[in-house]
Every structure is written in structure tokens, then in C-alpha cells.
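Input: a single structure, listed below in C-alpha cells.
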Amino acid sequence: MSSLDVVLLSAVVLLAAAVLVGLVLGARALRRLNAQPVGPKPEDPSYTAERERHEQSLATLRTKAEEVSTTVDTAKSAAAAARTEAAAAKAEASSARAEARRVLDTARAEADSVLERAHKQAEQEAEQLRAAARRSGEREAAMLAATTKEHAADVERRAARMDERERLHSEEVERLTERERRLTAATAELAARDQGLTAREAGIAEAEEQRRKELERVANLTAESARTELIESIEVQAKREAAILVRDIEADARSTGEQRARHIVVEAIQRVASEQTAESVVSVLHLPGDEMKGRIIGREGRNIRAFESVTGVNLIIDDTPEAVLLSCFDPVRREIGRLTLEKLVLDGRIHPHRIEEVFESAKQEVERLCQRAAEDALVEVGITEIHPELITLLGRLRYRTSYGQNVLKHLVETAHIAGIMAAELRLDAPLIKRGAFLHDIGKALTHEVEGSHALIGADLARKYGESDEVVHAIEAHHNEVQPQTIEAVLTQASDACSGGRPGARRESLEAYVKRLERIEEIAGGKTGVEKVFAMQAGREIRVMVKPDDIDDIGAAVLARDVAKQIEEELTYPGQIRVTVVRESRVTEIAR
């Protein structure tokens with residue numbers, strides 16, 4: 001029985017039970033009604049209402065009984081349909097079982113056929129494998145036979161070579177035997193010749209002795225006296241020739257050495273391509289407008305006071321349109337102040353607290369720029385190992401100038417010139433470049449430590465582990481200490497070449513004018529001088545003399561005296577040419 005049949009049967013049973021309960025209740029109500037006494041009674045409203053309610057209940061029960069009967073009929077019809085469907089399902093199940101048995105029989109038959117074909121295929125493959133193995137064995141046997149034949153042929157060849165070698169050995173033994181026989185004969189011949197030569201040498205010695213005695217008798221000198229006189233004459237001649245040769249060598253070496261030195265210096269200067277410097281000791285900051293000056297000053301000057309107290313830089317605000325000046329003896333501090341003011345102007349917010357914030361940012365940025373500049377300079381020079389404190393001090397020289405020349409660029413240029421000179425002279429170029437590069441390191445602390453920058457730099461180099469040669473080159477480059485090594489001398493020379501080249505340094509206008517005036521005074525104070533002109537920025541001086549007072553020889557003497565006095569009294573870059581002009585005029589009148 002299917003689940004549908006069970007559900008339908010349960011529904012029918014429940015409906016039947018409900019109908020029976022309704023019928024029982026209706027019968028009891030009828031019995032109670034019939035049990036009442038018959039006869040006319042007065043109408044009771046409650047009784048009437050109760051009877052009507054019972055009648056309505058009976059009507060409702062009849063209606064429900066009818067609905068239940070209808071439902072029972074429907075359930076019976078549904079049950080009949082369910083029985084029909086169950087029968088059909090049983091028929092379908094029987095047909096499915098039959099079909100399954102047929103399919104199973106077919107599958108078994110196909111499996112038997114497949115198994116049979118697999119057995120046949122396996123037998124065929126086994127036969128093929130046996131045939132392949134047989135062919136492989138035949139091939140291996142053939143290969144073994146061929147290998148055996150090759151080995152046999154190789155053995156035969158080796159045996160032939162051994163026979164040939166034995167034959168060659170036999171021939172060599174025969175040749176050696178013949179050679180030994182010839183050597184024996186030659187030895188006997190040499191012995192005979194040696195005896196003859198010995199006898200001949202004895203005769204020659206005796207004849208030589210007789211000849212010497214005859215020469216001594218004729219010259220009335222012994223051999224020892226003649227040897228002594230000959231040696232003395234040769235010695236005198238050799239000394240004279242040696243003196244002449246030494247003189248020639250010294251003159252040649254002097255001229256060659258001067259020419260070689262000039263060549264080295266000129267080549268070193270030409271191979272260093274450095275830019276001309278044009279830096280200032282006072283920083284100028286351009287403003288977008290003059291109204292920015294009032295914001296920089298602030299209410300009652302509080303901004304400018306805060307700026308100067310925080311940065312340590314004097315701020316000069318004058319009548320210069322759209323510009324302010326920053327003045328400080330420390331170039332690094334001046335650059336930090338300039339960068340701080342530039343950022344404040346760009347930002348527009350200028351007050352004491354903001355000034356402190358921007359100052360810290362600018363200080364870190366300048367420190368990074370100094371560190372980067374020092375590292376770039378070290379890479380350009382080729383120095384890899386150096387103390388970090390020295391790198392920091394070198395970075396501070398990025399903003400340090402000497403006579404308008406940037407000190408860090410001057411160190412790089414000096415190191416290149418010293419390295420070129422050392423390479424030309426076949427010296428230790430890295431050591432000399434290191435000493436030349438660090439020779440002005442003391443300028444980073446000249447405003448903090450008292451003393452010469454050369455001695456300060458030597459103390460720094462000694463403190464941070466530099467070699468004695470480098471320390472001596474630093475302390476001796478301005479003759480505070482007398483130079484004792486070739487490194488110190490080349491450091492001095494490269495420093496002079498870098499600082500003295502045209503355009504490297506500039507003087508103040510006052511010093512420049514004073515130098516020109518002094519040059520003209522020196523030449524103008526000589527007797528017989530008429531006019532003096534300083535030309536080419538003081539690199540040439542032309543002296544006009546009176547021809548009646550000074551002749552040609554006197555003009556040459558005057559030029560030498562003026563040049564000597566200029567060398568003794570003045571300090572100047574490069575050289576100064578002194579030209580004396582003497583003009584002779586002859587006048588005749590034609591009548």
C-alpha cells in the first residue's frame with residue numbers, strides 16, 4: 001500500500017468518526033425533546049430560545065452530515081482512482097523488472113565478448129613483445145660482435161705500433177753506439193790537440209817574456225812603472241771627460257726638468273675644467289611684492305625678532321625694491337635662514353611659531369643637501385673610505401667661499417690637479433689626491449675654533465684616523481709647518497694652481513684699486529719715468545720714460561727693477577708684465 005492510500009484511508013476514517021459523533025449527539029437531543037410532557041403550556045421565552053437553538057443545531061448537524069457523506073463519496077472515488085494508479089504502477093514495475101533482466105543479460109553477454117577480445121589482444125601483444133625482444137637480442141649480439149671485431153683490430157694495431165717502436169729503438173741504439181764510437185775518437189783527437197796547444201802556449205809565454213825584457217831594456221822602464229803612468233794618464237782624461245759629461249747632464253737635466261715641470265703643471269690645469277665662481281657672501285632673497293616686507297617685520301617687529309633669534313641670521317630690510325638681505329658670518333646658517341624665509345614667503349603664514357617649524361624643516365633640508373654634496377664630491381674624486389664626521393664637515397664647505405671661490409669645488413679641483421701631477425711623476429696618486437682634497441677641511445671650523453685653518457684641518461685629520469702623510473700635507477700647505485714630503489709639496493702646488501688660475505678667485509673692489517694704484521706708484525717713483533699705465537686689470541704695466549734721461553740699457557735696468565719691487569711688495573694672482581717704452585724723436589726744419 002502506497003503513502004497516498006494510507007492518507008486517503010485515514011481521511012475516510014476521520015470523517016466517518018465525525019459523522020457518528022454528530023448522529024449520537026443528535027439522537028440524544030431528540031430523546032431529550034421527546035421526554036418533555038405533551039400538552040399546552042404557557043410559552044417560556046428561555047425555553048423557546050433553547051428550542052430554537054437546538055433546532056438550529058440539528059439543522060447544522062444535518063448539513064454537516066450531508067457534507068460528510070459527500071466527502072465520503074469523494075474519498076471513495078479517490079481511493080478507487082488510487083487503486084487504479086497503484087495497479088498501473090505495479091504493471092510498470094513488472095515491465096521495468098523484465099527490462100532490467102534483459103539489459104543485465106545483454107551486459108553479461110557483452111562483457112563475455114569484451115573479455116574474450118581482451119584475452120586475444122593480450123596474446124597478440126605478448127607475441128609482439130617476444131618478437132621485439134628477439135630482434136633486440138639479435139641487434140645486441142651483432143653490436144657485441146662488431147665491438148669484439150673493433151677490439152681485435154685495435155689490439156692488432158697496438159701490436160703493430162709496438163713492433164714499429166721496438167724497431168725504432170733498435171735503430172736508435174745502433175745510432176747511439178755509432179755516436180759513442182765517434183765521440184771516443186774525437187776525445188782522443190782533442191787530447192792530442194790539447195797537448196800540442198799546451199806546448200805552443202809554453203813557447204808563446206817564453207817568447208812574450210823575452211819580448212817584455214827587450215822592451216824594458218829599450219824603454220829603460222819596468223812594466224809596473226809603465227802601467228802606473230798609463231793608469232794615471234787615463235784617470236786624468238776620464239775625470240776631465242766625466243766633468244764635462246756631468247756638466248752637460250746637469251744643464252740638460254735642468255732645462256729638461258724645467259720644461260717637464262711646466263708641461264706637467266700646464267697639462268694638469270688644462271685637464272681640469274672648472275667653472276668660474278661668482279658667489280656672494282651676502283644672500284639676497286627676492287620678494288613677490290613690497291607689501292611682503294611688512295608681513296616679514298610683523299606687528300611691532302615681532303616676526304623679524306623671532307626670525308633673527310631662531311635662525312641667528314641678521315635680516316636687513318632697506319629701500320631695495322622687492323628684496324631683502326640676509327647677513328651672517330656662518331654660510332651654512334645663512335643658507336638655512338634664506339631657505340626658511342623663502343618657505344615662509346611662499347607659504348604666506350608668518351608668525352613666531354610658524355618660523356620655528358619652518359626653520360627645523362629648512363635645517364634638515366640643508367643638512368641633507370650638505371651630505372649629498374659631500375658624497376658627490378667624494379665620488380667625483382674617487383675617495384671611498386672616510387670618517388663620517390669628515391663627510392659632514394666637507395658638506396658644510398658647500399656654502400663656504402674664499403675670495404669668491406667655492407671651497408668644496410676648490411677641493412675637488414685641487415685633488416684632480418694633484419692626481420694628474422702624481423700620475424705624471426709616477427707617485428702614489430690616491431694618497432696625494434686624498435691629502436689635496438682634505439687640505440682646506442679646517443675652513444669648516446674657522447669660525448668656531450681659533451687658529452689657522454691648516455692646523456685645525458691637520459688636527460681634525462689626525463683625530464679621525466688619517467695617515468701621517470695626509471696630516472702633514474694639510475698642515476704644511478700654507479707653510480705653517482715646513483713641507484718635508486713630496487705629498488706636501490704637490491699639495492701646495494695644486495692649491496696654488498687652483499687658486500691662481502684666471503677666474504678662480506676675485507678680490508674686493510677696494511683691494512683691486514689699491515693694488516693698481518700701488519703698481520703705478522712703484523713705477524712712477526723711478527727716475528726718468530714720464531707716464532705709467534696699469535692695463536689688463538693690472539696684469540700689464542706700461543712705463544713711458546724720457547728718452548733724454550734713460551737710454552736703452554737704462555730702460556732694461558728700469559724694467560727689471562720695477563718687476564723686482566712689485567714681486568717683493570705686492571701679492572697678486574698670476575703674473576704682471578712690465579713694458580718700458582722709450583721713444584726717440586728727431587726734428588728738422590726745411591727752409
Side-chain angles (χ1 to χ4, degrees), residues 261-275 277 373-387 389-398 400-403 405-446 452-501 504-505 573:
R262 286 193 296 271
H263 173 72
I264 292 173
V265 173
V266 170
E267 183 177 359
I269 294 175
Q270 289 177 348
R271 289 173 61 182
V272 176
S274 300
E275 60 183 8
T277 58
E375 292 174 356
D376 292 344
L378 289 170
V379 170
E380 184 177 354
V381 175
I383 298 176
T384 56
E385 296 181 359
I386 192 170
H387 197 279
E389 290 296 330
L390 292 179
I391 296 177
T392 303
L393 294 175
L394 286 170
R396 298 175 65 177
L397 295 177
R398 180 175 185 265
R400 177 74 155 81
T401 59
S402 177
Y403 294 99
Q405 185 180 25
N406 185 278
V407 176
L408 185 58
K409 294 179 180 179
H410 166 62
L411 294 182
V412 174
E413 183 177 342
T414 304
H416 286 317
I417 294 175
I420 295 170
M421 290 182 178
E424 292 291 336
L425 297 174
R426 293 180 176 85
L427 299 175
D428 189 357
L431 178 63
I432 295 176
K433 287 178 68 176
R434 193 181 189 93
F437 183 71
L438 296 175
H439 78 277
D440 275 345
I441 188 69
K443 288 186 177 180
L445 296 177
T446 51
S452 171
H453 72 274
L455 300 179
I456 295 173
D459 292 338
L460 287 173
R462 190 180 296 108
K463 177 181 178 181
Y464 294 118
E466 293 295 330
S467 63
D468 295 337
E469 292 81 0
V470 173
V471 172
H472 179 65
I474 294 173
E475 66 184 2
H477 79 276
H478 279 323
N479 289 321
E480 280 89 355
V481 177
Q482 289 299 319
Q484 303 293 332
T485 61
I486 187 65
E487 291 83 2
V489 175
L490 286 182
T491 300
Q492 283 186 340
S494 58
D495 183 25
C497 291
S498 176
R501 66 177 178 83
R505 296 182 177 181

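Note that the coordinates shown come from a computational prediction; the quantities given were computed from them, not determined experimentally.
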Any residue meeting side-chain contact (heavy atoms from CB on, under 4.5 Å) with I486, in chain and number order, not counting sequence neighbours: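 I486 satisfies side-chain contact (heavy atoms from CB on, under 4.5 Å) with L427, L490 only.
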
Residues two or more places apart in sequence or in another chain: which of them pass side-chain contact (heavy atoms from CB on, under 4.5 Å) with N479?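 side-chain contact (heavy atoms from CB on, under 4.5 Å) check on N479 returns P483, Q492.
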
Heavy atoms only: give me the nearest [X]-[Y] pair and the separation to one decimal.
X    : Y    : value
A377 : L408 : CB-CD1, 4.1 Å
S494 : T414 : OG-CG2, 3.2 Å
C497 : I417 : CB-CD1, 4.0 Å
L460 : I441 : CD1-O, 4.3 Å
V381 : A415 : CG1-CB, 3.8 Å
A461 : I474 : CB-CD1, 3.7 Å

With a 4.5 Å cut-off on side-chain heavy atoms, are [Y] and [X] touching?
X    : Y    : result
L431 : V470 : yes
V412 : F437 : yes
K443 : L397 : yes
L394 : I386 : yes
H387 : K463 : no

Parallel, tilted or perpendicular: rings of H477 and H439 (30°, 60°): perpendicular

Return yes if a side-chain donor-acceptor contact under 3.5 Å exists between T485 and E469, otherwise no.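 No pair is found: no donor N or O on one side chain lies under 3.5 Å from an acceptor on the other.
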
Under 3.5 Å, side chain of N406 to main-chain N/O of R398, donor-acceptor pair present?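 Judged by distance alone, yes, a pair lies under 3.5 Å.
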
Run K433 and I383 through side chain to side chain contact (heavy atoms under 4.5 Å, CB included) and show every step you take. CA-CA 9 Å; K433 287 178 68 176; I383 298 176; 5.7 Å; no

For E466, salt bridge (Lys or Arg N to Asp or Glu O under 4.0 Å) partners two or more places apart: R434

